[in-house]
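Protein chains get the first letters and strands the later ones, always in sequence-line order, with residue 1 at the start of each.
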Amino acid sequence: MSIVSNVREKIRLQIEKALEEARAKGALTFESIPNFVLEVPREKAHGDFATNIAMLLTKQAKLPPRVIAEHLVANFSKEATWVDRIEIAGPGFINFYLGTGWLYAVLPKVIKEDTAYGNSTYGNGEKVQVEFVSANPTGLLHMGNARGAALGDTLSNLLEAAGFDVTREFYINDAGNQIENFGKSLEARYLQLMGEDIPFPEEGYHGEDIITTVKNIIAEVGDKYLPMDSALRREFLIQKALEEKLGAIRNDLARFGVEYDVWFSEQTLHDSGAIAQTIKELQEKGYIYEKEGALWFKSTLFGDEKDEVVVRSNGIPTYFAADIAYHKNKFERGFQKVINIWGADHHGHVARMKGAVKAVGYDPDRLHVILMQLVRLFRGGEIVRMSKRSGQYVTLSELMDEVGKDAARYFFVMRSPDSHLDFDLDLAKAESSENPVYYVQYAHARINSILKASGTELPPVENVDFTLLKEEAELELIRKIADLPEEIVGAAVNMEPHRIARYAHDLASLFHSFYNSCRVLTEEEELRKARLCLVDAARITLRNVLHLLGLSAPERM
RNA sequence: GCGCCCGUAGCUCAGUGGAUAGAGCGCUGGCCUCCGGAGCCAGGUGCGUAGGUUCGAUUCCUACCGGGCGUACCA
């Protein structure tokens, strides 16, 4: 358990004991202790921890909150809690002020745990799957995919650090309508490039990248497909093109720092009969009806607005049918929790997907869908116009060329998925102070520079007197360092990776403040040793956080 | 029309059922004979509107206003 959680739990326990004691003495009456908050107050003047328990007990105890607080304090045993003094404030808050002793225990722990610092066993090895990006393999990765990639990968890192057993998965939509359409587009481009004057399908993929793909295929096979039957020709073209497109997607994601554990093909669900079987199961359970020649899933039974087609009147299952089979498959593989990261334009899909999960026999609360709002790019203060239809959009690969991997990942993760993201390209590529990515990395580089300048090995922590660290800036920095394990768990279980980006920035900020007010390489030998250890702990913490975000931790910039 | 998300400082965004609502950018003024000035310190008019629940609401609920998205036998 982390030191902060440990301290918190001890105080919580003593609060409960104090209340029971007060009741035993007849000072207080209450049925049960309500679920109270023991939080770090916003204001430092309000102590290290504060609780609202006295206000919550007013009804049960039939006493004013401050009176309840007094009884609690009178019965509170400070032993083994690090609590130095207690004050009652405001409408009835009880503020706990801690001594600094517990903070000094943090530094040796960080240095000892090193790359593992921040990790915890909170998740108990529970199996969690995170499915993200899952872009159509008919094109290149765009900004929405990029945001999903950064969010999904960072969230996966956080879950792992919090002790979950994480599987990162990419669902390949290599079947269905859009592949049909893809085939038609490829064929049209192929024939056009071979000199035939034929129209391009209106609903086809207009992007330039498809022409390039077909050119590459022609370079390999020439006119071999020309005399072929159209169906066979499309099949060949699709196969070749998918190979290329998936390869490109895989490369771009790898360059973005994202490595998947599983690439799951939709086509395999068709081939194995899993989809047919799932539909049959739903039919047997009475969740399917026929209308106008199509099979419909009764998603309205599960709170959806309207029912949804699973098999079209032409006999071909819809994407939704495949998705049901896919999610059934996920749970069959033993994932306790399944997390999907989708663009907000898919939000209408959430209710029926959860309904479907329930229909195939699993608790829909085990499926979590993170909806992320769309991304707008700005360059020179102007919106960069994009159109998927015309195939004109900035790709992930181009973004990395322009602003670099680190800046791109940080910008995508620093906002809540709920917020519409305005991505300022000029800011992201600025190699200057206004760029928040550099701010954090600079702190890390600066630390390494100090350690190098110290010219000595770090002293063994047993020989260091940490109580010499008494400056406000030092204590605040240690406090922040101590928070990492709880920050990781909080960001992971709430599925809010942007919290950790913020933490990184706050930590860097406290380090910079410390640097400006305390000289590390001072003449005072013992103080110098203590500060070197503090700096090293800050280095470890910053580096670990940067890695969680998928960013490099440069030693020089 | 109905459904989901959002409305917080000039701009981009954090944040919480509580005690004085924050950060970055931009703007102004300071700070290195010294460990990296890509840094530090100081400076502020803001929770869309109106009700409700509560000891307490920016946070929860309702209505309204404004923006985004969805509402296909597309994915």
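- Taking only distance into account, the side chain of A:H347 never meets the base of B:C5 through a donor-acceptor pair shorter than 3.5 Å.
- A gap of 43 Å separates the P atoms of B:C4 and B:G43, to the nearest Å.
- If you check every strand for non-hydrogen atoms under 4.0 Å, A:R499 touches nothing.
- If you take atom P in B:G26 and the same atom in B:C40, they sit 13 Å apart, rounded to whole Å.
- Here A:A445 lies in heavy-atom contact (under 4.0 Å) with a base.
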- Take A:N340 and A:Y171 through the test side-chain hydrogen bond (donor to acceptor under 3.5 Å, both in side chains) and record every step on the way to the result. CA-CA 10 Å; A:N340 294 345; A:Y171 182 58; over 6 Å; no
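- Considering only the side chain of A:R446, B:G39 comes nearest among B:C5, B:C35, B:G39.
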At a cut-off of 3.5 Å, list every protein nitrogen or oxygen paired with a nitrogen or oxygen from nucleotides 53-55 of chain B, distance to 0.1 Å.
| residue | atom | partner | partner atom | Å |
| --- | --- | --- | --- | --- |
| B:C55 | OP1 | A:K59 | NZ | 3.3 |

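- Counting any heavy atom pair closer than 4.0 Å across all strands shown, A:A344 reaches sugar-phosphate atoms only and no base atom.
- When each of A:I210, A:T138, A:N181, A:L242 is checked for a side chain to side chain contact (heavy atoms under 4.5 Å, CB included) with A:L186, only A:I210 meets the rule.
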- Note on the structure: Read 5' to 3' with Watson-Crick or G-U pairs under 3.5 Å, [ ] for crossing pairs and | for partners on another strand, RNA chain B gives (((((((..((((....[...)))).(((((.......)))))....(((((..]....))))))))))))....
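- The side chain of A:S513 contributes an N or O atom lying less than 4.0 Å from OP1 or OP2 of B:C41.
- One finds a side-chain N or O of A:R42 lying less than 4.0 angstrom from the OP1 or OP2 phosphate oxygen of B:A19.
- Atom NZ of A:K245 sits in a crowded spot, with more than 12 heavy atoms from other residues, nucleotides or ligands closer than 6.0 Å.
- Counted by atom type alone, A:H420 and A:R415 present zero donor-acceptor pairs between their side chains at under 3.5 Å.
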- Message: Test salt bridge (Lys or Arg N to Asp or Glu O under 4.0 Å) on A:K44 and A:E476; report intermediate values, then the result.
- Response: CA-CA 10 Å; A:K44 252 180 297 175; A:E476 282 190 45; 3.0 Å; yes
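- Comparing A:R376 and A:H512, the nucleotide of RNA chain B nearest to each residue sits closer to the 5' end for A:R376.
- Remark on RNA chain B: of its neighbouring residues A:T522 and A:D422, the 5'-side contact belongs to A:D422, judged by nearest-heavy-atom nucleotide.
- Nucleotides B:C13 and B:A9, compared at atom C1', are 11 Å apart to the nearest Å.
- Side-chain N/O atoms of A:S416 include none lying less than 4.0 angstrom from OP1 or OP2 on B:C13.
- A cation-pi arrangement is not found for A:R376 relative to A:F423, the charged atom failing to lie both closer than 6.0 Å to the ring centre and inside a 45° cone about the ring normal.
- For the P atoms, the distance from B:G17 to B:A57 is 14 Å, rounded to whole Å.
- Residue-level contact check: A:A351 touches neither bases nor backbone, having no heavy atom under 4.0 Å from any strand.
- Among the protein residues, A:E523 comes within range of no part of the nucleic acid, since none of its heavy atoms lies under 4.0 Å from any strand.
- For A:Y439, the listed nucleotide lying nearest its side chain is B:C40; candidates were B:G36, B:C5, B:C40.
- The side-chain heavy atoms of A:L542 and A:I540, taken from C-beta on, include no pair separated by under 4.5 Å.
- A distance of about 46 Å separates the C1' atoms of B:C64 and B:C41, rounded to the whole Å.
- The aromatic ring of A:F93 stacks onto the base of B:A19, its centre lying under 5.5 Å from the centre of the six-membered base ring with the two planes under 30° apart.
- Taking the ring axis of A:F412 as reference, the NZ or CZ atom of A:R147 does not stay both within 45° of it and closer than 6.0 Å to the ring centre.
- B:C60 and B:C74: their P atoms are spaced 38 Å apart (whole Å).
- Across all strands, A:N448 comes closer than 4.0 Å to no nucleic acid atom at all (heavy-atom distances).
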Can you check nucleotides 71-75 of chain B for protein contacts, nitrogen or oxygen pairs under 3.5 Å, and list what you find?
| residue | atom | partner | partner atom | Å |
| --- | --- | --- | --- | --- |
| B:C73 | O2 | A:S313 | N | 2.5 |
| B:C73 | O2 | A:S313 | OG | 2.9 |
| B:C73 | N3 | A:S313 | OG | 3.0 |
| B:C73 | N4 | A:E292 | O | 2.5 |
| B:C74 | OP2 | A:R312 | NE | 3.2 |
| B:C74 | OP2 | A:R312 | NH1 | 2.3 |
| B:A75 | OP1 | A:R312 | NH1 | 3.3 |
| B:A75 | OP2 | A:Y319 | N | 3.2 |
| B:A75 | N3 | A:H346 | NE2 | 3.2 |

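- Evaluation of A:H46 against the base of B:A19 yields a stacking contact (centre distance < 5.5 Å, interplanar angle < 30°).
- The side chain of A:Q373 approaches B:C5 more closely than any other nucleotide in the set B:C5, B:U12, B:C69.
- If you take CZ on A:R499 and CD1 on A:I488, they are separated by 12.5 Å, rounding to the nearest 0.5 Å.
- For A:D323 (side chain) and A:Y319 (main-chain N/O), no donor-acceptor pair under 3.5 Å exists by modelled atom type.
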